[in-house]
Amino acid sequence: MKQPLSLLLLLLFSLLYLPLQAQEAEADVEAVEEQQVDPRDSVINALNRQIQEMRLTEIVMQDKLDQTALSAREDSLRLVRRQARIDSLREVTPGVPVAVDGDTLLLLYASRGGATPERRAKEAVDKIEKLGKSLTFSIDSMYVFESELSSDIMSGDAVLLSISDLDGMWQGKSRSELAAQYLGTIQAKVAELQEEYGLRAKVTGILLALLIIVLQVVAIRLTLMLFRRLFKRIVWAMRTWIKPFVFKGYELLNTRNAARILLLLARIAFWMVVVLQLFISIPLLFSIFPETQELTYKLIGYVWDPLKDIGRGIVNYIPNLIKIIIIILCFRYLIRAIHYVANEIAEGRIRFEGFYQDWAIPTFHILRSLIWCFAVVMIWPLLPNSDSEVFKGVSVFVGLVFSLGSTAIVGNIVSGIVITYMRPFKIGDFVKINGIEGEVVEKTAFVTRLRTMKNEIVTVPNSAIMSSEAVNYSSAVEQRKGVIIHTEVTIGYGVPRETVENLLIEAAQSCTKLQKKPAPFVRVRALEDFYVRYEINAYTLQSLQLSACYSELHKAILDHFFEAGVEIMSPHFRAERDGNAVEMPESYQAK
C-alpha cells in the first residue's frame with residue numbers, strides 16, 4: 001500500500017509543481033524586460049535555469065521515491081549521489097552575484113516565489129545599500145527568522161533575503177546554516193558601509209568641508225592682497241622707470257599704454273590663480289562625501305581630459321611641425337635670393353637683354369606670391385585635422401566665397417600685371433587716363449594713383465586703364481624730343497595769313513618753357529565761314545608743367561597780337577555787295 005500511495009503523492013506534487021514552474025518562467029521574462037538586457041540571452045539563460053531547477057526537482061522527487069522504495073541502509077549512497085548531481089549542475093549554471101559597492105557577498109542560483117535570481121539579487125543589493133547608508137541603524141537589529149518554508153534574514157520587520165531549501169541544496173548546506181552564514185557576511189558589509197556613510201562620517205565630512213571653504217576664502221583674500229601690491233608697483237613703475245617703446249623713431253607704445261597692458265596681464269594672472277585654487281579646492285570638497293566622489297572625477301576630467309588630449313596632440317604633431325618649419329625656412333631663403341637678384345637688376349648692376357629694370361620688383365612680387373602659394377600647398381596636408389570633413393568643408397566654403405566675391409579683384413590684379421609688362425607709363429610720368437591728366441605717384445596690383453594739376457589724388461582701377469586709352473606725355477621727353485603743346489586762335493579773313501603765322505611763332509619763341517629747337521610751327525586747321533582757325537605747335541621738355549606752359553603761351557599770344565594791332569576775334573557778319581569793304585587782305589585786293 002505504501003508504494004501506490006507514494007506514487008499518488010508524486011503525481012499530485014508534479015501537478016502542483018508544473019504550474020509553479022510556468023509562473024516562474026513568466027517572472028523570468030518580466031525580469032528580463034525590467035533589466036533591459038538582450039532578450040534572447042536572458043530568455044536562454046532563464047530556460048537553462050528552469051531546466052536545471054527541474055533537474056534539481058527531479059533529484060528531490062527521485063529522493064522521495066528512493067525513501068519509499070529503498071531501505072535505510074542505502075541512505076548514505078543516495079545522499080552522495082544527490083550531492084554529486086548537484087555539483088555537476090553548479091559547474092554549468094552560473095550564479096547571480098549579490099555585489100554591494102563592488103564587493104560580491106554571495107551567489108544566488110535558485111528562483112524564489114516567482115522571482116528570478118537576478119531580481120532577488122537586485123532587491124537584496126538595494127536593501128543592503130539602503131541600510132548601510134542610513135544615518136541611524138544598528139547592526140544588532142539584523143537576525144534570521146525561521147519559517148516552515150524558508151529562513152529569512154531580517155532587519156527589523158523588513159526581509160533582506162529569503163533562503164529556501166533549494167538555495168541550501170545549491171550550496172550543499174541546510175537553509176539554516178546558509179542563512180546564518182549570509183547574515184554574518186551582510187552584517188560585516190553593512191558595518192563597513194556605516195563607517196563610510198554613517199552619521200560620524202557625515203559629521204567629519206561637514207567639518208572638513210567647512211575647513212576647506214575657510215582655507216579657500218583665506219587663500220583668495222591673500223591672493224587679492226598680493227596682486228593689489230603688484231598693481232601699485234606697476235603704477236609706481238609707470239611714473240619712474242617704464243620708458244616708451246620706440247621703433248625706428250616711431251613711438252609704438254607710450255608709458256601709459258604700457259602700464260595698462262601690464263595691469264591687464266596682472267588681472268589675468270590674478271584670475272588664473274583664483275581659478276587654479278578653485279580647481280584644487282572644489283574637487284577636494286566633493287571628494288569628502290562618497291555620494292559626490294564621482295562628481296569629483298567628472299570635474300577633474302572636464303579639465304584634465306582636454307589638457308591631456310591637447311598635450312598628446314602637440315606631442316604627436318611635433319614631426320609635422322618640424323617639417324613645416326623646414327619648408328618655411330627653405331622657401332624663405334629662396335625668396336631672399338630672388339629678392340637680391342631683383343634688386344641688382346633694378347639698380348642696373350645685372351642686365352638681361354629684353355628685361356627692363358622696372359620689371360624687376362614687380363616680377364619679384366609675382367614670384368614671391370607663387371612661391372608662397374606652392375609652400376601653402378606643401379604645408380596644407382601637414383596641418384592638424386587637414387583630412388577631416390569639417391576642415392574640408394570650411395576650405396570649400398572659403399574658396400567659394402573668394403571665387404564669388406573676387407571677380408573684380410582678380411580682374412584688377414591681372415590688369416596690373418599686364419600694365420607692368422606693357423610699360424605704358426611708370427611712376428613720375430605725366431599721363432592722361434580717361435580724360436584725367438596727372439602725374440603717376442603710385443602703381444599697385446589693384447589701382448594706379450595720379451596727382452592732377454590741382455594737387456588732387458585720383459585713384460584709377462587697373463581694369464579701367466586696360467579698357468581705355470592712356471596718353472604718356474613724359475615718354476617723348478625721355479627721348480629728348482619733347483612734348484608738343486598746341487592751342488588755336490580764330491582770326492578774320494581780313495588779316496594776312498603770314499602776319500598771323502609770324503605772330504604765333506614769335507609768341508611761342510618768347511616762352512621760356514618752350515623749346516627753340518625744334519622750332520615752333522603753325523597749321524591752318526580750318527577755313528570757317530567767317531574766320532580762319534590757326535594752330536600753334538611748340539615743343540617742351542617740361543611734361544610735368546604743361547599747365548604752366550599753356551598759360552605762358554597764351555599770355556605771349558595776347559601780348560604779341562595786341563602789340564601788332566591784330567584783334568583776336570571771330571567776326572560774324574553778312575556780306576552785302578553795296579560798297580562795303582571786301583573781307584580779304586589789301587594786297588590781294590590790289591591785284
Side-chain angles (χ1 to χ4, degrees), residues 24 27-28 30-37 42 45-46 49 90 93-147 149-205 286-297:
E24 291 181 356
D28 290 340
E30 293 177 359
V32 168
E33 294 176 353
E34 292 178 358
Q35 294 176 4
Q36 295 181 354
V37 297
S42 300
N45 292 333
R49 190 176 297 109
R90 189 187 298 111
T93 303
V96 178
V98 178
V100 179
D101 200 20
D103 186 10
T104 301
L105 304 182
L106 51 98
L107 296 175
L108 296 177
Y109 292 90
S111 300
R112 171 68 179 163
T116 62
E118 287 82 2
R119 179 182 292 182
R120 295 176 63 196
K122 183 178 184 302
E123 293 176 353
V125 168
D126 295 339
K127 294 176 181 179
I128 294 171
E129 288 182 346
K130 183 177 180 180
L131 292 178
K133 296 180 181 181
S134 177
L135 297 179
T136 57
F137 177 75
S138 175
I139 302 296
D140 298 334
S141 64
M142 300 177 66
Y143 60 94
V144 176
F145 176 77
E146 296 289 346
S147 64
L149 299 177
S150 65
S151 297
D152 299 327
I153 300 175
M154 307 288 292
S155 174
D157 296 334
V159 178
L160 299 181
L161 183 63
S162 182
I163 307 299
S164 64
D165 292 330
L166 290 177
D167 292 323
M169 293 179 66
W170 277 105
Q171 299 296 338
K173 299 178 181 180
S174 66
R175 72 184 188 190
S176 300
E177 293 175 349
L178 188 61
Q181 177 185 345
Y182 287 170
L183 176 61
T185 303
I186 293 174
Q187 285 179 334
K189 187 60 181 180
V190 171
E192 181 182 343
L193 292 175
Q194 281 288 303
E195 293 181 358
E196 187 175 359
Y197 294 93
L199 182 59
R200 179 179 298 177
K202 290 293 187 294
V203 173
T204 304
F286 286 141
S287 64
I288 294 175
F289 302 98
E291 295 85 354
T292 59
Q293 284 182 354
E294 294 184 1
L295 183 59
T296 302
Y297 299 137

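What you see below is based on every heavy atom in this structure, not just the backbone, and it leaves out hydrogens, waters and symmetry mates.
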So does Phe145 have more than 12 non-hydrogen atoms from other groups sitting under 6.0 Å from CZ?
-> no
Check whether more than 12 heavy atoms from other residues, nucleotides or ligands sit under 6.0 Å from atom NZ of Lys130, and answer yes or no.
-> no
Shortest non-hydrogen contact between [X] and [Y], atoms and distance:
X: Pro117; Y: Leu108; result: CB-O, 3.9 Å
X: Ser162; Y: Asp152; result: OG-OD1, 2.6 Å
X: Leu107; Y: Pro97; result: CD2-CA, 3.5 Å
X: Gln187; Y: Met142; result: NE2-O, 3.5 Å
X: Arg175; Y: Ser164; result: CB-O, 3.7 Å

Name all residues meeting the side-chain hydrogen bond (donor to acceptor under 3.5 Å, both in side chains) criterion together with Ser147; count only those two or more places apart in sequence or in a different chain, and write none if there are none.
-> Ser150
Measure the spacing between [atom1] of [X] and [atom2] of [Y] and express it to the nearest 0.5 Å.
X: Leu105; Y: Ile186; atom1: CG; atom2: CD1; value: 7.0 Å
X: Leu161; Y: Ser155; atom1: CG; atom2: OG; value: 13.0 Å
X: Ile153; Y: Ile163; atom1: CD1; atom2: CD1; value: 5.0 Å

Partner residues of Lys189 under the salt bridge (charged side-chain N to carboxylate O under 4.0 Å, His left out) criterion, sequence neighbours left out | Asp103, Glu192
